[in-house]
Amino acid sequence: MTDSKIESTSIVENLDPVFMSEQQFDRAVCFMQEIKTGLVEFLKKPKRITTTYFPIELDDGSVQTFHAYRVVHNRVFGPGKGGVRYHPDVTLEEVIALAKLMTWKCALMNIPFGGAKGGVVCDVKHLSEKELRRITRRFTTEISHAIGPNVDIPAPDLYTNEQTMAWMYDTYDVLHPGQNNLPSVTGKPVEMGGSYGRNEATGLGVLYVTERFLSKALIPQQQEVAGAKVVIQGYGSVGAVAAEAFVRKGASIVAISDSSGGIHKADGIDLDALAQFKQSHGSVVGMPDTMSITNDELLELECDILIPAALSNQIHAGNAQKIKAKLIVEGANNPTTVKADEILNQRGIYVIPDIMANAGGVTVSYYEWVQNQANEQWAMDYVIEKLKTKMYHVVDVVFDRWQKFVVGEEVPGDKETAECLCEMKPSFRSIALMQAIERVAKATLMRGIWP
Ligand code: NAD
C-alpha cells in the first residue's frame, strides 16, 4: 500500500486510495437500513486483478520494462467498464479504488456494466507516438484474455485518448478474428465505430449536473449557470470541454490550469484565444492578458463554481478550509479527500461527487457499445439529448433521496456511525454512493449467492 500523507497545521491525512474508498463506502453504508456483513466484504474487494510487466523497445534502441494493471471490481450488472490511464504515479491501489468507483458510477447511472480500471506506469510526455503505440499494443496483448465486449471494456482516461483506443481495438481485433469486436473498446474515433458526442460527453455531463443542481435553489444567490464565475483545474478532455460548455451557457471562466500551472483573469478568459495559445505553446501558462498562478492558488480563488478536472486528492485537509467556491463539481475522479469532504460539509459547501458529475463519459461509452452491437451510428443531437436527460435524472434521484434524510423522512440505519463520521446531514457523495451500493447489493442477492 502507498503511504502518502498530507500534513496540514493540525491534520495528518492518510491518502491511500483503497483506505479512502473504504471510508467513503463505510460512510455511505451507515445510511442504509440493512446490508449483510459478508456482502459488505464482497462489495469492498476487487473481483480480479491483472498485473503485468512487459519490455518495450524505445526509439533509441534501448529496452524499458513497463508495469501495468487491469482490475475488475464487480460484474453483477454486466461486463467490467472503465478507463485506462497512462501516468507515472499509477499504483495498484489507485487502480483498485478507481475500479470500485466505476462500479458505483454505472450502478447509479443504471448502466448495465460493472466497474473496472486499468493503468500503465509511464510518462507520456517523454514518449514518442511510436513508443506509445508499442506500449498500447503490448499492454492490450497482455490483458487480451481478460477483456472483451461482454467481459471487460476499456475506455480513455488520464493521458489516453481516441488514438489509444483505436490501437487497443485494432490489437484486440487481430487477436480475436472472425467476430464483431467493435464493442470491445469505447472512446474510439467516430470514423471507426466511435460515438458522436463521446469526446464531449464528460465535460457536457459536468455542465448538465451543475445546471440541474443549481435549479434546486440550494444556493439561493446562484440558481443558474449564467453569470457564474467558474474556476477549472485541468485543461484536458474534461476541463476544456466543460469550459466551453459553461461559457456557452453564460458563465465566465476566471481561472484554468494544466500540469505547468494556472492562469487567472477576473473578467473571464477568452477560450478561443486560449485554445490557440495552448496549441502553439504547449501550456496555458503565459497567455497574454492573464495572470499566472499556481495550481494551489487556483483552487483557493474567489469563485462560484470550482471544477477539479485533473488529478486525485487536489482538495485535501490542508486546503479545504481555504476553498471559497459555493459549489464544487468533481470532473476528475477522487479529487476530494475524505477529510476535505468532512470540512466542506461542515462549512456548507456542496460537492457534486464524481460518480454523478463525470458520469457523462461512461454514459456515452455505453451508447457507443450499444451502437457497435447493432452496427449503427446515432446522430450527435440524439446522443446529446439522451445524455442530458440521463444526467438531469440522476441529479433528481440523488437530490430527492438526500432531501428525505434532511427532513427526517429517512434516518441513517447506523445512526451512531453517521454521527461520529460528522455526517448527520449527509453529503451528496454519501447519498449517491448509498443509492449505488443499494442497487448492487440487491442485484447480488437477487441473482443468488453461487452455488
Ligand atoms: P487529460 O489527460 O485529457 O487531461 C488532464 C489535464 O490535467 C491536462 O490538462 C493536464 O495538463 C492537467 N494536469 C495534469 N497534472 C496536473 C496538475 N498537477 N495540476 C493541474 N492540472 C494537471 O485527462 P481527462 O480525460 O481530462 O481526465 C481528467 C480527470 O477526469 C481524471 O481524473 C479522469 O479520471 C477523469 N475522468 C475523465 C473522463 C473522460 O471521459 N476523459 C471520464 C470520467 C472521469
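Heads up: numbering here begins at 1 and tracks the sequence. Because the structure is predicted, anything quoted here is derived from the model rather than measured. Read the numbers this way: they start at 1 and go in the same order the structure lists the ligands and their atoms.
Considering backbone and side-chain atoms alike, K105 places every N or O at 3.5 Å or more from each N or O of ligand 1. Of the N or O atoms in S259, one or more lie within a sub-3.5 Å distance of an N or O in ligand 1. Polar contact with ligand 1: absent for G361 (N/O pair, distance under 3.5 Å). Taking any N or O of P156, backbone or side chain, none lies under 3.5 Å from an N or O belonging to ligand 1.
Distances below 4.0 Å separate heavy atoms of R85 from the following atoms of ligand 1: 31 (C), 32 (O), 33 (C), 34 (O). Counting atoms of ligand 1 from 1 in the listed order, those under 4.0 Å from a heavy atom of Y235 are 9 (O). Against a heavy-atom cut-off of under 4.0 Å, A332 is close to the following atoms of ligand 1: 29 (C), 30 (O), 32 (O), 35 (C). Within the listing of ligand 1, atoms 9 (O), 11 (O), 20 (C), 21 (N), 22 (C) sit less than 4.0 angstrom from a heavy atom of D258. With ligand atoms numbered from 1 in the order given, ligand 1 contributes 43 (C), 44 (C) to contacts under 4.0 Å with heavy atoms of N358.
For the residue pair S427 / N345, no side-chain donor-acceptor distance below 3.5 Å is found, with atom types taken as modelled. T363 and K390 form no side-chain donor-acceptor contact under 3.5 Å, judged by distance and modelled atom types alone. In summary, the side chains of E142 and T52 do present a donor paired with an acceptor at a separation below 3.5 Å, with no hydrogens or angles considered. In this model, no donor atom of one side chain and acceptor atom of the other lie less than 3.5 Å apart for T336 and D341. A donor-acceptor pair shorter than 3.5 Å can be found between the side chains of S365 and R198. Between the side chains of N333 and N358, at least one donor N or O lies within less than 3.5 Å of an accepting N or O. Side-chain contact, T164 with N161: a donor N or O sits under 3.5 Å from an acceptor N or O.
Of the protein's heavy atoms, N295 ND2, 3.0 Å lies nearest to atom 19 (N) of ligand 1. For atom 4 (O) of ligand 1, the closest heavy atom belonging to the protein is G236 CA, 3.2 Å. Looking only at protein heavy atoms, the nearest one to atom 39 (C) of ligand 1 is T202 OG1, 3.4 Å. Regarding atom 33 (C) of ligand 1, its nearest protein heavy-atom neighbour is D157 OD1, 3.4 Å. Protein heavy atom at the shortest distance from atom 5 (C) of ligand 1 is L158 CD1, 3.8 Å. The closest protein non-hydrogen atom to atom 31 (C) of ligand 1 is A310 O, 3.2 Å. Looking only at protein heavy atoms, the nearest one to atom 3 (O) of ligand 1 is S237 N, 2.9 Å. The closest protein non-hydrogen atom to atom 14 (C) of ligand 1 is Y159 OH, 3.3 Å.
Within the set A155, G331, A242, the minimum heavy-atom distance to atom 30 (O) of ligand 1 is found for G331.
Aromatic ring pairs are classed by plane angle as parallel below 30°, tilted from 30° to 60° and perpendicular above 60°; the pair H67 and Y53 is parallel.
Not a single heavy atom of Q314 sits under 4.0 Å from any atom of ligand 1.
Scanning all heavy atoms of the two residues, the minimum distance from S283 to V285 falls at OG-N, 3.0 Å.
No part of P335 comes within 4.0 Å of ligand 1, judged by heavy-atom distances. The side chain of R198, and not its backbone, has at least one atom closer than 4.0 Å to an atom of ligand 1 (non-hydrogen atoms only; side chain from C-beta on). Contacts of V238 with ligand 1, taken as heavy-atom pairs under 4.0 Å, involve both backbone and side chain. The side chain of L311, and not its backbone, has at least one atom closer than 4.0 Å to an atom of ligand 1 (non-hydrogen atoms only; side chain from C-beta on). At a heavy-atom cutoff of 4.0 Å, ligand 1 is contacted by both the backbone and the side chain of N333.
Note on residues 276-301: pairs passing ring pair (Phe, Tyr, Trp, His ring centres under 6.0 Å), not counting sequence neighbours, are F277-H281.
In this structure, the separation between CD1 on I323 and CZ on R347 is 7.5 Å, given to the nearest 0.5 Å.
Take N199 and apply the side-chain hydrogen bond (donor to acceptor under 3.5 Å, both in side chains) test, not counting sequence neighbours, and it matches E162.
For the pair K278 and Y235, the cation does not sit on the ring face, since its NZ or CZ is not both under 6.0 Å from the ring centre and inside 45° of the axis.
Ring centroid separation for the pair F66 and F139 does not come in under the 6.0 Å cut-off.
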